[in-house]
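Computation of the quantities below employed the complete heavy-atom set of this structure, encompassing side-chain atoms and omitting hydrogens, waters and symmetry-equivalent molecules. Position 1 is the first residue of the sequence, and the numbers go up from there.
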Amino acid sequence: MARHTSRAGHASRAGRIGRWAKALVAGAVLTAGMLTGAPQASAAGLGQVTGFGTNPGNLAMYSYVPSGLATGKPLVVALHGCTQTATDYYNNSGWAQLADRWGFAVVFPQTGATNNALSCFSWFDSSKDTRGKGEALSVKQMVDKAVALYGSDPSRVYVTGLSAGAGMAADLLADYPDVFAGGSIASGLPAQCATAQAAASGCQNSNQNLTPAQWGDKVRASNPGWTGPWPRVAIWHGSSDTTVAPVNATELRDQWTNVWGIPQTASATQSLPGSTTLSVYNDAAGKPAVQLYSVSGMGHGLPVSPGSGTANCGQSGAYFLNTICSSYWTGLFWGLDGSGGGNNGGGDNGGGAQLPAPGGLAVTGTTDTTASLSWNAVAGAASYTVYRGGAQVGTTTGTTYTDSGLSAGTGYAWTVAAVDANGQAGTASSAVTGTTAGSVFTPRCFTDNNYNQVAAGRAHQSGGYAYANGSNQNMGLWNLFVVHTLKESPAGYFVLADSGCAA
């Protein structure tokens with residue numbers, strides 16, 4: 001969604017937000033040319049694909065395919081939120097960037113005002129979001145078309161979405177566990193939480209007081225007779241989301257752990273960038289089946305993290321919140337990077353007993369381009385794998401490692417996993433952070449109204465409120481009348497500094 005800097009643009013945007021809020025109260029909402037074959041990739045960007053089936057849900061199909069993509073690669077289906085388009089999700093979510101880096105195709109379904117006044121996917125309508133019907137069937141037909149056009153691997157098809165798109169993604173995972181190997185639900189709701197529009201608001205705003213078994217039954221009833229395998233599910237939610245209550249993340253955790261037949265107690269937890277806590281729920285083989293990412297202080301939207309680093313992707317904007325790149329971490333969980341899945345900084349955890357996480361990880365020294373690490377030995381370890389920002393950067397047989405090729409005056413995060421003699425990586429350590437030596441960013445201060453702070457890229461808005469980029473501190477109403485001072489330090493990270501800002 002484009003930003004506007006004029007008063008007229010502000011009024012128009014405010015009107016759209018007002019209509020969104022009104023629809024929420026009613027329970028209705030959460031948030032290139034025609035081609036008959038594969039769109040030109042990379043240079044052409046996003047392309048529309050027609051003739052993909054009977055399309056009972058009246059959706060449009062768009063796709064992005066990197067140049068020269070080989071057959072047999074994964075396929076990701078990415079569903080936008082309310083008031084958004086496939087183009088918005090293509091531009092901001094980071095999935096196109098990762099498709100170029102790792103090699104996979106992406107389908108971006110699009111709904112519109114003829115289906116819903118605010119262009120929301122109908123996650124709350126059983127005539128549209130169940131197996132073989134409406135929008136759900138249209139998306140399934142898009143998958144079939146993409147597999148035929150691009151030669152995608154039908155065993156590695158994944159679905160992700162934001163808000164209303166996340167609600168539909170959860171429904172699709174329940175409807176078509178035979179199609180989707182995994183899913184990611186960002187600021188969304190449990191599968192089949194509501195089956196009629198009148199119940200949507202209650203799902204968004206409050207605890208439904210169902211047991212894990214009752215939540216699991218909703219999934220099992222969506223495709224009776226299916227006994228597995230079940231999709232591996234990532235759940236993303238901000239702790240300050242006032243549009244879709246954070247309890248929905250807990251309910252999603254309960255739902256999918258019950259479907260997998262595993263406890264609701266986390267197998268492991270890990271701190272990630274962007275004030276994010278990852279809770280991992282392993283299957284019987286010790287491989288992550290469900291992962292819950294809670295982003296402290298974040299409002300309603302998709303977590304992104306613009307930048308050129310390994311773990312950066314996406315662009316910030318309305319409902320694309322600068323915290324952590326959820327698409328990157330989700331891709332690691334699914335194994336889109338070629339790791340086999342479930343690593344998120346700890347390698348492929350499938351099969352056999354895992355080695356424990358190394359303790360005592362510390363940064364022992366830095367230069368302007370290197371950082372030295374050390375940790376405690378793990379019994380049974382044949383080697384250790386070192387990860388920076390979730391991406392593997394090296395291996396060693398000892399308990400020290402020097403990471404090189406870094407940028408001066410820049411902060412990084414590392415984890416380490418022990419690897420046994422069979423090459424199986426164990427649980428990743430807790431992350432440790434450090435900053436390289438050299439020129440360091442000079443703090444800066446900005447005093448302006450909330451509308452201009454957002455327009456300048458120092459803050460973002462969600463649900464009519466402004467939030468400081470980086471810290472996600474609530475700045476109050478997103479308008480021309482509330483004024484705050486923001487301090488930037490480090491680059492791109494802003495905090496409220498109304499009481500004084502010494503640059």
Side-chain angles (χ1 to χ4, degrees), residues 1-31 81-84 88 92 117-120 162-164 186-187 201 204-206 237-248 274-275 295-304 306 315-323 444-489 492-501:
M1 296 172 66
R3 290 194 177 108
H4 303 274
T5 56
S6 68
R7 287 180 181 267
H10 172 67
S12 173
R13 188 73 163 277
R16 289 199 298 273
I17 292 170
R19 290 194 296 274
W20 194 339
K22 183 177 180 180
L24 282 170
V25 173
V29 179
L30 278 181
T31 32
C82 294
T83 75
Q84 295 176 340
D88 292 326
N92 295 303
L118 292 176
S119 300
C120 307
L162 163 64
S163 194
S187 299
S201 181
Q204 290 170 211
N205 298 321
S206 59
H237 220 106
S239 66
S240 298
D241 191 336
T242 57
T243 301
V244 180
V247 69
N248 283 278
S275 300
V295 187
S296 178
M298 191 184 79
H300 186 68
L302 181 74
V304 297
Q315 297 296 326
S316 59
Y319 304 102
F320 295 96
L321 309 182
N322 187 357
T323 50
R444 298 182 293 175
C445 301
F446 304 88
T447 300
D448 211 330
N449 63 66
N450 282 355
Y451 181 76
N452 287 340
Q453 298 278 28
V454 170
R458 296 185 287 269
H460 56 273
Q461 72 86 17
S462 178
Y465 288 85
Y467 296 86
N469 284 347
S471 69
N472 283 304
Q473 290 176 300
N474 191 328
M475 300 163 59
L477 291 173
W478 177 54
N479 60 30
L480 296 166
F481 310 107
V482 179
V483 176
H484 284 296
T485 297
L486 293 178
K487 180 177 180 179
E488 183 182 19
S489 181
Y493 190 95
F494 297 86
V495 295
L496 284 168
D498 293 335
S499 60
C501 187

Side-chain contact, heavy-atom cut-off 4.5 Å: [X] with [Y]?
X	Y	answer
Gln461	Tyr319	yes
Thr323	Ser275	no
Leu486	Met475	yes
His237	Asn248	yes

Side chain to side chain contact (heavy atoms under 4.5 Å, CB included) with [X]: which residues, sequence neighbours excluded?
X	value
Asp448	Asn452, Gln453, Arg458
Ser239	Ser296
Ser206	Gln208

Just how far is it from atom [atom1] of [X] to atom [atom2] of [Y], taken to the nearest 0.5 Å?
X	Y	atom1	atom2	value
Asp241	Met298	CG	CE	7.0 Å
Gln84	Leu118	CD	CG	11.5 Å
Leu321	Leu162	CG	CG	8.5 Å
Cys445	Glu488	SG	CD	9.5 Å

Checking His484 against Asn450: is there a side-chain donor and acceptor pair closer than 3.5 Å?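 There is no such pair (donor and acceptor under 3.5 Å, judged by atom type) between the side chains of Asn450 and His484.
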For [X] and [Y], work out which heavy atoms get closest and say how close.
X	Y	value
Pro303	Val295	CG-CG2, 4.3 Å
Asn479	Asn449	O-OD1, 3.7 Å
Ala468	Ala459	CA-CB, 4.1 Å

Could you pull out all residues at least two apart from Asn474 that satisfy side chain to side chain donor-acceptor pair (under 3.5 Å)?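 For Asn474 there are no side chain to side chain donor-acceptor pair (under 3.5 Å) partners, ignoring immediate neighbours.
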All side chain to side chain donor-acceptor pair (under 3.5 Å) counterparts of Thr485, not counting sequence neighbours: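 In terms of side chain to side chain donor-acceptor pair (under 3.5 Å), with neighbours along the sequence ignored, Thr485 is linked to Thr447.
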With under 30° as parallel and over 60° as perpendicular, where do the rings of His460 and Tyr467 fit, or are they tilted in between?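 It falls in the parallel class, under 30°.
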